[in-house]
Visitor: 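Take a look at this one; I'll ask things after.
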Amino acid sequence: MNIILFGPPGAGKGTQSKYLIKKLNAFQISTGDLLREEINKNSDIGKAIINDMNDGKFVTDDIVNKLIENLVFDPQKKNKLIFDGYPRSLKQAKNLEVLLKNSNQNIDLILYLNVNKEIILKRLEKRKIIENRSDDDADTIIRRYDIYMETTQPVLNFYSKNPNFREIDGSLEIDEITRKIDTFINV
Ligand code: AMP
């Protein structure tokens, strides 16, 4: 199965993708993790994105599209892809359609974890303490949430028409969300 986890920062995409990876013996494609890796390596991409990432702004479509390309075409990962944090723009969603088509794959499930701003704020303030992420301070959290909601609205409209689209209340406890996801993946 190829699955897209969609929802604002702090909705629980990372946690649920870790569950899905184990359960389906699949591979997580987290563009946030891939971008943070580039920053840690201090690569050219890392240098180009560090300010935008720290400000909670989106990285350009070209950069993220390039980062995921080889992973989608990796034969070992074929039909075992869990997208976490990608696509976040219509251009990325269209790019993914093309990549999947060219590698003979489909999206089997689009999970939208829907959570409101107050809950996200509380969760990400906690995560800041645990993970010490530089983009998890309160102002940046609010900015990232607002940017996410605004920018991803067209992506949500695009995917909500897909018959494989499922919405889940992301304010539920982790286990409850996992149980709901289980009902959709019937393996
Ligand atoms: P995340 O770990 O998914 O919350 O992403 C952290 C940050 O990485 C975001 O606030 C963006 O700056 C950047 N980022 C991650 N994925 C994408 C994407 N698909 N498109 C653009 N920027 C992204």
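Since this is a predicted model, take the numbers as computed values, not measurements. Indexing begins at 1, ligand by ligand and atom by atom, following the structure's order.
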Visitor: Which of the numbered atoms in ligand 1 are under 4.0 angstrom from any heavy atom belonging to Y86?
Guide: 19 (N)

Visitor: Quick one: do D33 and R36 satisfy salt bridge (Lys or Arg N to Asp or Glu O under 4.0 Å)? Show the steps, please.
Guide: CA-CA 5 Å; D33 284 351; R36 279 184 288 277; 2.9 Å; yes

Visitor: Would you say the ring centers of F6 and Y112 fall short of 6.0 Å from each other?
Guide: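 Yes, the ring centres sit under 6.0 Å apart.
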
Visitor: Starting from the C-alpha separation in whole Å, work towards a yes-or-no answer on salt bridge (Lys or Arg N to Asp or Glu O under 4.0 Å) for K94 and E97.
Guide: CA-CA 5 Å; K94 299 263 166 80; E97 300 255 299; over 6 Å; no

Visitor: Considering only protein heavy atoms, which is closest to atom 8 (O) of ligand 1, and at what distance to one decimal place?
Guide: M53 SD, 3.1 Å

Visitor: Considering only protein heavy atoms, which is closest to atom 22 (N) of ligand 1, and at what distance to one decimal place?
Guide: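 Scanning the protein heavy atoms, the shortest distance from atom 22 (N) of ligand 1 goes to V59 N, 3.0 Å.
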
Visitor: Find all atoms of ligand 1 within a distance of less than 4.0 Å from any non-hydrogen atom belonging to R36, and give their numbers and elements.
Guide: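 So the answer, numbered in order with elements, is 2 (O), 6 (C).
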
Visitor: Using distance alone, determine whether D84 and ligand 1 share an N or O pair under 3.5 Å.
Guide: no

Visitor: Below 4.0 Å from ligand 1: does a non-hydrogen atom of K13 turn up there or not?
Guide: no

Visitor: With a 4.0 Å cut-off on heavy atoms, is D52 in contact with ligand 1?
Guide: no

Visitor: Does any N or O atom in G85 lie less than 3.5 angstrom from one in ligand 1, N or O only?
Guide: yes

Visitor: Strictly distance-based, threshold 3.5 Å: is any side-chain N or O of D84 a donor or acceptor partner for the main-chain N or O of S17?
Guide: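 Answer holds: no.
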
Visitor: Compute both the distance and the angle, then confirm whether K77 meets the cation-pi test with F27: under 6.0 Å from the six-membered ring centre, within 45 degrees of the axis.
Guide: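 Cation-pi check for K77 and F27: passes.
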
Visitor: Can you tell me which residue and heavy atom of the protein come closest to atom 10 (O) of ligand 1, and the distance to 0.1 Å?
Guide: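 The closest one turns out to be R144 NE, 3.4 Å.
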
Visitor: Would you check whether Q92 has a nitrogen or oxygen atom less than 3.5 angstrom from a nitrogen or oxygen atom of ligand 1?
Guide: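 It does: an N or O of Q92 is found under 3.5 Å from an N or O of ligand 1.
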
Visitor: Please write down residue, atom name and distance for the protein heavy atom closest to atom 14 (N) of ligand 1.
Guide: L35 CD1, 3.4 Å

Visitor: Under 4.0 Å from any heavy atom of K57, which atoms of ligand 1 are there?
Guide: 11 (C), 12 (O)

Visitor: Identify the closest protein heavy atom to atom 15 (C) of ligand 1: which residue and atom is it, and at what distance?
Guide: R88 NH1, 3.3 Å

Visitor: Give a yes or no answer on whether the side chain of N65 reaches the backbone of D61 with a donor-acceptor pair at less than 3.5 Å.
Guide: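 Yes; at least one donor-acceptor contact below 3.5 Å.
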
Visitor: Would you mind reporting whether I63 and I45 have side-chain heavy atoms less than 4.5 Å apart?
Guide: yes

Visitor: Would you kindly check if the NZ (Lys) or CZ (Arg) of K13 is within the cone defined by 45 degrees around the ring axis of Y148 and under 6.0 Å from the six-membered ring centre?
Guide: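 Yes, K13 sits over the ring of Y148.
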
Visitor: State the atoms of ligand 1, each with its element, that fall below the 4.0 Å cut-off from a heavy-atom position in V64.
Guide: 18 (C), 20 (N)

Visitor: Please test K180 against D169 for salt bridge (Lys or Arg N to Asp or Glu O under 4.0 Å), starting from the C-alpha separation and ending with a verdict.
Guide: CA-CA 10 Å; K180 283 187 189 286; D169 178 359; over 6 Å; no

